[in-house]
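Each remark here refers to the structure printed beneath this line.
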Amino acid sequence: MNKITFTLNGQRKTALLESPDTTVLQYLRASGWVGTKEGCAEGDCGACTVALMVQNEAGKAEYQAVNSCLMPLGALAGQEMITVEGVSPDADVHDVTSLHPVQQMMVETGGSQCGYCTPGFIMSMFAAYYRNGGGDASDRDVEGNLCRCTGYLPIRKALAELDAPTADDPFVHKLEQPSLTSQPTFSPTDTGFVYPTTLAEVFEVLEAQPDAVLIAGATDLGVDMNDGRLSAQTLISLEHVTELKALEVSEDAVTIGAGVTLSQLEHLHLFPALSTMISWFASRQIRNRATIGGNIATASPIGDLPPVLLAYDAIITIASKDGTRELALSDFFQGYRQTALEPGDIINQVRIPRQKIPKKKTANASTRLSQSYKVGKRGTDDISIVA
Ligand code: FES
Ligand code: FES
């Protein structure tokens, strides 16, 4: 049984992983941190939103909103998390007398009635409040939060009227001096959660424990966990495998590590149809955790990225202990939730060829146009009926 350590609202915590399918939300509520709510347990309502301090692609610390209902507790190892109990500027989270500016604004605009959704909204807004020094929070930051009674107008007003944080804001200081979180240790025979840092270590675990399940952002697997459909004894966390995080842009192609998150991909503006689809992909909380490799590997018929990647003739690299092989994405999907992955295989990279625009128009020069569309019942935070 693993023991993990992490930081929760500024306090160092240790937790025993009694089962790999315990979620962060279940842990929080069982430990008395009941400000964080459960609505759907599927990533659809945002009531469970918490903030993680992560390093962005520029190497700077930032707060990201995530769904705690979909995050396995094991994935919290070495991370720093803030819940609604921890946003007050008061140092003692158990004796809070002052509100965070985001909470204050929600009070002033009347953005809360029954209050059930409010902690989730507060945490999404909290993460947005500090992004890029503040001042650019928008409706898109709460697209993964549902409210059943207030009506969105006062909530949107609260968002729109937020100022940028002041220089003496304690959370600004935290971002400037992030606490050093310790990487979890690796052992290929550990059960529960295993934390490899290289692909070679991933293959070591897969050899020692062939039934172990690979896990990245867990935004799909997390739903199975909540439904009691995950029977694996061991989950192999891919979050610390640096080879899976690389993103390389060359003249001919863009090569994206399978562990690159969709939020990171939002900054890649080379494929307009991909950018359009990512902007409609689930919600901010999901995009902060979901990875491109995960969205392909789950082979879900409602996955939003595969239709676009297929149109772009994407090629995937599959790695195993015997080496790597390339496969056109069109040959990867073999049926409902069935792929060309063999036991011991892992998606390593996704390569999207870049179209060369001919300098001169000639009779046989063709220009390819790509456009993506998503039809769903809601504009955001929904699955595709058609992509
Ligand atoms: Fe609804 Fe987590 S409980 S998104
Ligand atoms: Fe009641 Fe939002 S205030 S659900």
Side-chain angles (χ1 to χ4, degrees), residues 21-31 33-52 64-76 79 81-85 87 99-100 102-128 139-159 215 217-230 261-263 281-290 294 302 304 376-383:
D21 61 3
T22 303
T23 65
V24 171
L25 179 61
Q26 287 163 352
Y27 162 81
L28 283 173
R29 296 192 58 83
S31 321
W33 299 91
V34 291
T36 308
K37 308 297 182 206
E38 176 173 328
C40 62
E42 290 197 333
D44 283 335
C45 73
C48 65
T49 305
V50 297
L52 292 183
Q64 286 191 349
V66 303
N67 295 123
S68 63
C69 70
L70 297 182
M71 190 169 170
L73 180 57
L76 203 55
Q79 306 238 34
M81 177 171 69
I82 297 151
T83 67
V84 72
E85 290 94 340
V87 297
L99 296 178
H100 185 274
V102 164
Q103 293 174 307
Q104 186 60 42
M105 193 55 81
M106 281 284 263
V107 171
E108 284 169 23
T109 62
S112 177
Q113 282 190 56
C114 79
Y116 199 80
C117 70
T118 311
F121 272 98
I122 293 296
M123 294 317 296
S124 289
M125 292 163 79
F126 171 89
D139 287 355
R140 300 303 303 257
D141 290 304
V142 293
E143 64 190 3
N145 296 83
L146 298 186
C147 175
R148 289 293 182 230
C149 52
T150 298
Y152 292 101
L153 223 54
I155 298 172
R156 294 175 70 187
K157 192 160 183 260
L159 253 179
I215 189 163
T219 51
D220 194 34
L221 217 60
V223 177
D224 288 347
M225 288 168 65
N226 284 316
D227 288 347
R229 283 185 271 135
L230 187 73
T261 65
L262 303 191
S263 287
F281 192 111
S283 63
R284 167 61 53 215
Q285 293 96 314
I286 298 279
R287 293 196 296 277
N288 283 341
R289 293 283 302 159
I302 51 167
D304 278 339
K377 286 186 180 161
R378 293 195 298 255
T380 57
D381 202 8
D382 203 1
I383 57 173

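Every number for a ligand or one of its atoms is a count from 1 in the order of the listing. The figures here come from the full heavy-atom set of this structure, side chains too, leaving out hydrogens, waters and symmetry mates.
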(message) Which of the numbered atoms in ligand 1 are under 4.0 angstrom from any heavy atom belonging to Asp44?
(response) 4 (S)

(request) Determine whether the side chains of Arg156 and Thr109 contain a donor N or O and an acceptor N or O closer than 3.5 Å. (result) no

(request) Pick out which of Ile82, Leu28, Leu25 makes a side chain to side chain contact (heavy atoms under 4.5 Å, CB included) with Val50. (result) Leu28

(message) I'd like to check which ligand 1 atoms, numbered from 1 as shown, lie under 4.0 Å from a non-hydrogen atom of Gly43.
(response) 4 (S)

(request) Answer yes or no as to whether an N/O/S atom of Cys45 is found below 2.8 Å from atom 1 (Fe) of ligand 1. (result) yes

(message) For a 4.5 angstrom cut-off between non-hydrogen side-chain atoms, does Leu76 reach Met71?
(response) yes

(request) Specify side chain, backbone, both or neither for Ala41, according to which of its non-hydrogen atoms lie closer than 4.0 Å to ligand 1. (result) backbone

(message) For the residue pair Ser124 / Asp141, report whether a side-chain donor-acceptor contact shorter than 3.5 Å exists.
(response) no

(request) Taking the side chain as every heavy atom from C-beta outward, state whether Asn67 and Arg289 have any pair of such atoms under 4.5 Å apart. (result) no

(message) If the cut-off is 2.8 Å, does any N/O/S atom of Cys48 fall short of it from atom 1 (Fe) of ligand 1?
(response) no

(request) Any atoms of ligand 1 less than 4.0 Å from a non-hydrogen atom of Cys40? List them with their elements. (result) 1 (Fe), 3 (S), 4 (S)

(request) Scan for side-chain hydrogen bond (donor to acceptor under 3.5 Å, both in side chains) pairs involving residues 41-50, sequence neighbours excluded, and state none if there are none. (result) Thr49-Gln285

(request) Specify side chain, backbone, both or neither for Leu25, according to which of its non-hydrogen atoms lie closer than 4.0 Å to ligand 1. (result) neither

(message) Set out, in order, the CA-CA distance, both residues' side-chain angles and the distance that settles side-chain contact (heavy atoms from CB on, under 4.5 Å) for Thr83 and Met123, then state yes or no.
(response) CA-CA 7 Å; Thr83 67; Met123 294 317 296; 5.7 Å; no

(message) With heavy-atom distances below 4.5 Å as the criterion, would you say the side chains of Met125 and Met105 are in contact?
(response) no

(request) Number the atoms of ligand 1 from 1 as they appear, then name those within less than 4.0 Å of a heavy atom of Asn67, with their elements. (result) 4 (S)

(request) Quick one: name the protein N/O/S atoms under 2.8 Å from atom 2 (Fe) of ligand 2, chain by chain. (result) Cys117 SG, Cys147 SG

(request) Walk me through it: do Val84 and Gln103 pass the test side-chain contact (heavy atoms from CB on, under 4.5 Å)? (result) CA-CA 10 Å; Val84 72; Gln103 293 174 307; 4.2 Å; yes

(message) Closer than 4.0 Å to some heavy atom of Gly46 - which atoms of ligand 1 meet that?
(response) 1 (Fe), 4 (S)

(request) Pick out which of Arg284, Arg287, Arg378 makes a salt bridge (Lys or Arg N to Asp or Glu O under 4.0 Å) with Glu143. (result) Arg287

